[in-house]
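Okay, structure first, notes after.
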Amino acid sequence: MNAGKRALPGCFISFEGIDGAGKSSHIEALAQRWLPRGVEIVRTREPGGTPLAESLRELVLHRPMDTLTEALLIFAARRDHLQRCIEPALSRGAVVLCDRFSDASFAYQGAGRGFDAAVLGTLERWVQATPTGLRQPDLTLWFDLDPSLAARRVAAARTPDRFEQQDEAFFRRVRDGYQARADAAPERFVRIDAALPRESVYEQVVAALRERGW
Ligand code: TYD
């Protein structure tokens, strides 16, 4: 259940990184190009992934709110997502590819906004509890990129949401937050150098899966 080697199918892979690191296109590529035919693939995201959680996402990304409210809404969305989407999918033996999961809360709300990590830890234990332990991804691919480069990519690509509007110092803290989570769970995390050309980034992603025998 926790991090470790687990044969496909029936595994949970999360994708993390600061805004602009380019993870979303690699989720698509993995689903299209790498995963074996005949395996059920569930592509999903956080906050979001169910009708209720997508409604909460709209609020979190676009309405002003304090950081405790933000954290509570994100974990409420996560609970619904786990209950209605992720846990049933894993029970069916699907491969779940999830664009962000709770590491993002520690990186963005914790390190970025300065919210109490102990409270986040409590929310994590409540929300991700299962009968056999704490639900975590089997593998977390962390797309790491210098925040100044990421900011240039975001500026060129889209109208910024509440997070993307933050300054570079915020994203430096978020990056440090991801580093701390990776240091705390090295068997679960793989750092991907997202500054390289797209095809080299994709090769690192595939290599990380192969290393696990997947
Ligand atoms: P993102 O994956 O960047 O969506 P998009 O590619 O459509 O912009 O996720 C939306 C934002 O939500 C992102 O800026 C990070 C933020 N976020 C948190 O602050 N905490 C969390 O726990 C999660 C899951 C996301």
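Note that ligands are numbered from 1 as they come in the structure, with each ligand's atoms numbered from 1 the same way. In this text, all values refer to a predicted model and were calculated from it rather than measured experimentally.
Around atom 22 (O) of ligand 1, the closest heavy atom drawn from S105, S102, G48 belongs to S105.
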Give every donor-acceptor pair under 3.5 Å between a side-chain atom in residues 143-155 and any protein atom, sequence neighbours left out.
{"unit_1": "D144", "atom_1": "OD1", "unit_2": "R175", "atom_2": "NE", "d": "2.8"}
{"unit_1": "D144", "atom_1": "OD2", "unit_2": "R175", "atom_2": "NH2", "d": "3.2"}
{"unit_1": "D144", "atom_1": "OD2", "unit_2": "R191", "atom_2": "NE", "d": "2.8"}
{"unit_1": "D144", "atom_1": "OD2", "unit_2": "R191", "atom_2": "NH2", "d": "3.1"}
{"unit_1": "D146", "atom_1": "OD2", "unit_2": "S148", "atom_2": "N", "d": "3.1"}
{"unit_1": "D146", "atom_1": "OD2", "unit_2": "S148", "atom_2": "OG", "d": "2.4"}
{"unit_1": "R153", "atom_1": "NH1", "unit_2": "G20", "atom_2": "O", "d": "3.3"}
{"unit_1": "R153", "atom_1": "NH2", "unit_2": "A194", "atom_2": "O", "d": "3.2"}

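Heavy-atom contacts of E46 reach the following atoms of ligand 1: 24 (C) (cutoff under 4.0 Å). Listed by atom number, the atoms of ligand 1 under 4.0 Å from I74 heavy atoms are 18 (C), 20 (N), 21 (C), 22 (O). Contact atoms of ligand 1 toward P47: 12 (O), 23 (C), 24 (C), 25 (C) (distance under 4.0 Å to a heavy atom of the residue). Ligand-side atoms of ligand 1 in range of K23: 2 (O), range being under 4.0 angstrom from any heavy atom. In summary, the atoms of ligand 1 found under 4.0 Å from a heavy atom of D99, numbered by their order in the structure, are 2 (O). Short contacts between ligand 1 and Y108, defined as distances under 4.0 Å to a heavy atom of the residue, involve ligand atoms 14 (O), 15 (C), 18 (C), 19 (O). Short contacts between ligand 1 and R78, defined as distances under 4.0 Å to a heavy atom of the residue, involve ligand atoms 22 (O), 24 (C).
In terms of N/O distances under 3.5 Å, ligand 1 is not approached by S24.
In terms of protein heavy-atom proximity, atom 1 (P) of ligand 1 is closest to R100 NE, 3.3 Å. With respect to atom 8 (O) of ligand 1, the closest heavy atom belonging to the protein is E164 OE2, 3.2 Å. For atom 19 (O) of ligand 1, the closest non-hydrogen atom of the protein is Q109 NE2, 2.9 Å. Looking from atom 13 (C) of ligand 1 to the surrounding protein, the closest heavy atom is D19 OD1, 3.5 Å. Here the protein heavy atom with the shortest distance to atom 23 (C) of ligand 1 is A104 CB, 3.6 Å.
In this structure, CD1 on I18 lies 12.5 Å from CD on Q166, to the nearest 0.5 angstrom. Here Q204 contributes atom CD and L141 contributes atom CG; the two are 10.0 Å apart, rounded to the nearest 0.5 Å. To the nearest 0.5 Å, the span separating OG1 on T140 from CD on E187 amounts to 10.0 Å.
Counting heavy atoms closer than 4.0 Å to ligand 1, residue A107 contributes nothing at all. With a heavy-atom cut-off of 4.0 Å, R57 touches ligand 1 through its side chain alone. Residue contacts with ligand 1 for V60 are absent, since no atom lies close enough (heavy atoms, distance under 4.0 Å).
Counting heavy atoms of neighbouring residues, nucleotides and ligands inside a 6.0 Å radius, atom CZ of R172 exceeds 12 of them. Residue R92 qualifies as enclosed at atom CZ: its count of foreign heavy atoms under 6.0 Å is above 12.
Cation-pi geometry between R173 and Y108 is not satisfied (NZ or CZ under 6.0 Å from the ring centre, within 45° of the ring normal). A cation-pi arrangement is present between R78 and F101 under the rule of less than 6.0 angstrom and at most 45 degrees off the ring axis.
With respect to the salt-bridge test (charged N to carboxylate O, under 4.0 angstrom), the residues E46 and R57 do not qualify. A salt bridge links E87 and R135; the closest N-O separation between the charged side-chain nitrogens and carboxylate oxygens is under 4.0 Å.
Pairs engaging residues 103-117 under the salt bridge (Lys or Arg N to Asp or Glu O under 4.0 Å) rule: E70-R113, D103-R181, D103-R188 [sequence neighbours left out].
Using a non-hydrogen distance threshold of 4.0 Å, R162 does not register as a contact of ligand 1.
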